[in-house]
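Ligands are counted one by one from 1 in listed order, and the atoms in each one are counted from 1 as well. Count residues from 1 along the sequence. Hydrogens, waters and symmetry mates are skipped; everything else that's a heavy atom, side chains included, is used.
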Amino acid sequence: MPRVFSGIKPTGPVQLGNLLGALRRWVDDQHTADSLYCVVDLHALTVPQDPDILRRTSEELARLLLAVGIDPDVATLFVQSHVPEHAELSWVMECTAAFGELRRMTQFKDKSDGADFVSGGLFTYPALMAADILLYDTDRVPVGDDQRQHLELARDLALRFNARYGDTFVVPEASIPTVAARVMDLQHPDRKMSKSEDSPQGTILVLEPIDDAVRKVRRAVTDNDGEVRYDPEHKPGVSNLLAILGACTDTDPATLAERYEQYGPLKADTAEAVAATLAPIQKRYAELAADPGHTAALLRQGAEKARAMAEPKMALVRQRLGLLARG
Ligand code: ATP
Ligand code: LTN
């Protein structure tokens, strides 16, 4: 079975882009691959976090992953900081990456631009992400389109390490969806929907009241020419609605466009499809939240399973590098 690994940061409430671009495919992949899914709390530390909020967000995120359908009996669900090998291999990856390579990362440029404080971790972040992936001999990484460049780097680092020290890592492939790979902000369709960006009216949260989500879709920014056409470059707002509707109903957005003459019905159908997608997740989340100890216990088991894979891999890496054997 192929190995699948992916991660999500506990940086805020999960939004529709996370669900359509990544999480729904995680659920599908668990049945055809040996999959590991990780709450990447160390990645969240690249920007200052309130400890109490980080703790709560991490736990709620794990619960949401269960609510969307990750089955802990099938997939390995765990928290990054519970497996110390991630941080250890990250250092090795920092030493494998070139400064110039890290400097080219567009996510670093976007997130550092205009920030009051830019941590060293924000710059070296892709090395930690490569470590996450390479620790587990990952074949495939289901992510949204914004992670394409980081995945390329992870591949380059695996190849470089293998060339320098001998075959050690599997070279992973990105798996990016054909529809809704980049869900855009409903108010600013020129930028991606994101959980930590402050755009409440443009961001649909997976756990927000359904009425609020519906209202946001109905008020989404479109354009003035009145034609329904799937053309992300020239008609980003309308195309975003078509992509959301397409992802929620498993239909090709360009085919959907032929069914609409006006924006009103497109918005109404998209709102309805979003509501139908979110409602069962919210119901399941509420059930899980009634027993908070359950999620924590599952995460402990998940970390044990992950550690059993990460420890021997890290031992091999130490040996390849010439680090003295322990004990
Ligand atoms: P942040 O705003 O804190 O950077 P984020 O919302 O971008 O967070 P991540 O935790 O970085 O979310 O990403 C989790 C997964 O969701 C990744 O695979 C990422 O590619 C995907 N993803 C995030 N935003 C979108 C989006 N707008 N459309 C499609 N996929 C997305
Ligand atoms: N960098 C990713 C989150 C992430 C990840 C990973 C995704 C961290 N480690 C490993 C896939 C595989 C992001 O910002 N969305």
Side-chain angles (χ1 to χ4, degrees), residues 3-26 29 35-49 53-54 57-58 61 64-65 68 78-81 83 86-87 89-90 93 105-108 110-112 115 121-122 124-136 138-155 157 172-186 188-199 202-206 232 236 240 243-244 246-247 306:
R3 172 72 50 81
V4 161
F5 181 100
S6 200
I8 179 165
K9 290 174 289 185
T11 40
V14 171
Q15 41 90 9
L16 188 67
N18 302 133
L19 182 69
L20 301 181
L23 306 185
R24 285 197 336 167
R25 289 179 319 122
W26 296 12
D29 280 341
S35 33
L36 293 104
Y37 301 123
C38 188
V39 172
V40 289
D41 53 352
L42 299 177
H43 276 95
L45 299 179
T46 52
V47 294
Q49 301 284 344
I53 296 179
L54 179 61
T57 310
S58 299
L61 176 54
L64 184 90
L65 296 177
V68 301
F78 70 107
V79 175
Q80 188 183 32
S81 63
V83 182
H86 287 251
L89 185 58
S90 176
M93 287 299 135
M105 295 292 122
T106 55
Q107 182 171 307
F108 173 72
D110 293 346
K111 297 226 176 209
S112 59
L122 191 65
T124 56
Y125 173 118
L128 176 57
M129 175 164 166
D132 298 339
I133 297 166
L134 301 183
L135 256 184
Y136 298 99
T138 304
D139 297 297
R140 205 150 47 76
V141 186
V143 281
D145 181 65
D146 60 312
Q147 296 304 310
R148 200 184 283 275
Q149 197 184 28
H150 289 159
L151 250 299
E152 272 305 310
L153 179 68
R155 287 170 60 83
L157 298 184
E173 289 205 2
S175 160
I176 293 167
T178 46
V179 177
R182 187 178 282 263
V183 175
M184 307 308 275
D185 184 295
L186 296 174
H188 305 277
D190 53 332
R191 64 181 198 220
K192 93 173 180 86
M193 197 180 277
S194 126
K195 58 172 129 58
S196 58
E197 203 70 46
D198 190 23
S199 176
T203 310
I204 292 181
L205 305 179
V206 172
N240 193 35
I244 292 171

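Counting heavy atoms under 4.0 Å from ligand 2, residue V143 touches it through the side chain alone. Under 4.0 Å from ligand 1, heavy atoms of S196 appear from its side chain as well as its backbone. Within the 4.0 Å heavy-atom criterion, the part of I133 lying near ligand 2 is the side chain and not the backbone.
Near A181, the atoms of ligand 1 lying under 4.0 angstrom from a non-hydrogen atom of the residue are 28 (N), 29 (C), 30 (N). Applying the 4.0 Å criterion to heavy atoms of V40 picks out, from ligand 2, the atoms 8 (C), 9 (N). Every atom of ligand 1 is numbered from 1 in the order shown, and the set under 4.0 Å from a heavy atom of G21 is 29 (C), 30 (N). Less than 4.0 angstrom separates some heavy atom of Q147 from each of these atoms of ligand 1: 20 (O). Below 4.0 Å from some heavy atom of S6 lie the following atoms of ligand 2, by number and element: 11 (C), 12 (C). Close approach of ligand 2 to V141 (heavy-atom distance below 4.0 Å) involves ligand atoms 11 (C), 12 (C). Those atoms of ligand 1 that come under 4.0 Å of a heavy atom in A180, given as number and element, are 29 (C). Listed by number with element, the atoms of ligand 1 under 4.0 angstrom from any heavy atom of A22 are 15 (C), 16 (O), 18 (O). Listed by number with element, the atoms of ligand 1 under 4.0 Å from a non-hydrogen atom of K111 are 1 (P), 2 (O), 3 (O), 4 (O).
Remark: minimum distance from atom 8 (C) of ligand 2 to any protein heavy atom is reached at H43 CE1, 3.4 Å. The closest protein non-hydrogen atom to atom 14 (O) of ligand 2 is Y125 OH, 2.5 Å. The closest protein non-hydrogen atom to atom 15 (N) of ligand 2 is Q147 NE2, 3.2 Å. At the shortest separation from atom 9 (N) of ligand 2 among protein heavy atoms lies D132 OD2, 2.7 Å.
Here D29 pairs with R140 in a salt bridge; the nearest charged N to carboxylate O distance falls below 4.0 Å.
The number of heavy-atom neighbours closer than 6.0 Å to CG of D198, taken from other residues, nucleotides and ligands shown, is 12 or below.
Ring geometry, F78 versus F5: the interplanar angle exceeds 60°, so the pair is classed perpendicular (tilted spans 30 to 60°). Y37 and W26 have parallel rings, their planes meeting at less than 30° on a 0 to 90° scale where 60° marks the start of perpendicular.
Taking all heavy atoms of R182, K195, K192, H43 into account, the minimum distance to atom 9 (P) of ligand 1 is reached by K195.
You'll find the ring centres of F108 and H150 outside the 6.0 Å limit.
Among all heavy-atom pairs drawn from P126 and M105, the shortest one is CG-CG, 3.9 Å.
Defined by atom type and a distance below 3.5 Å, a donor-acceptor pair is present between the side-chain atoms of D185 and S199.
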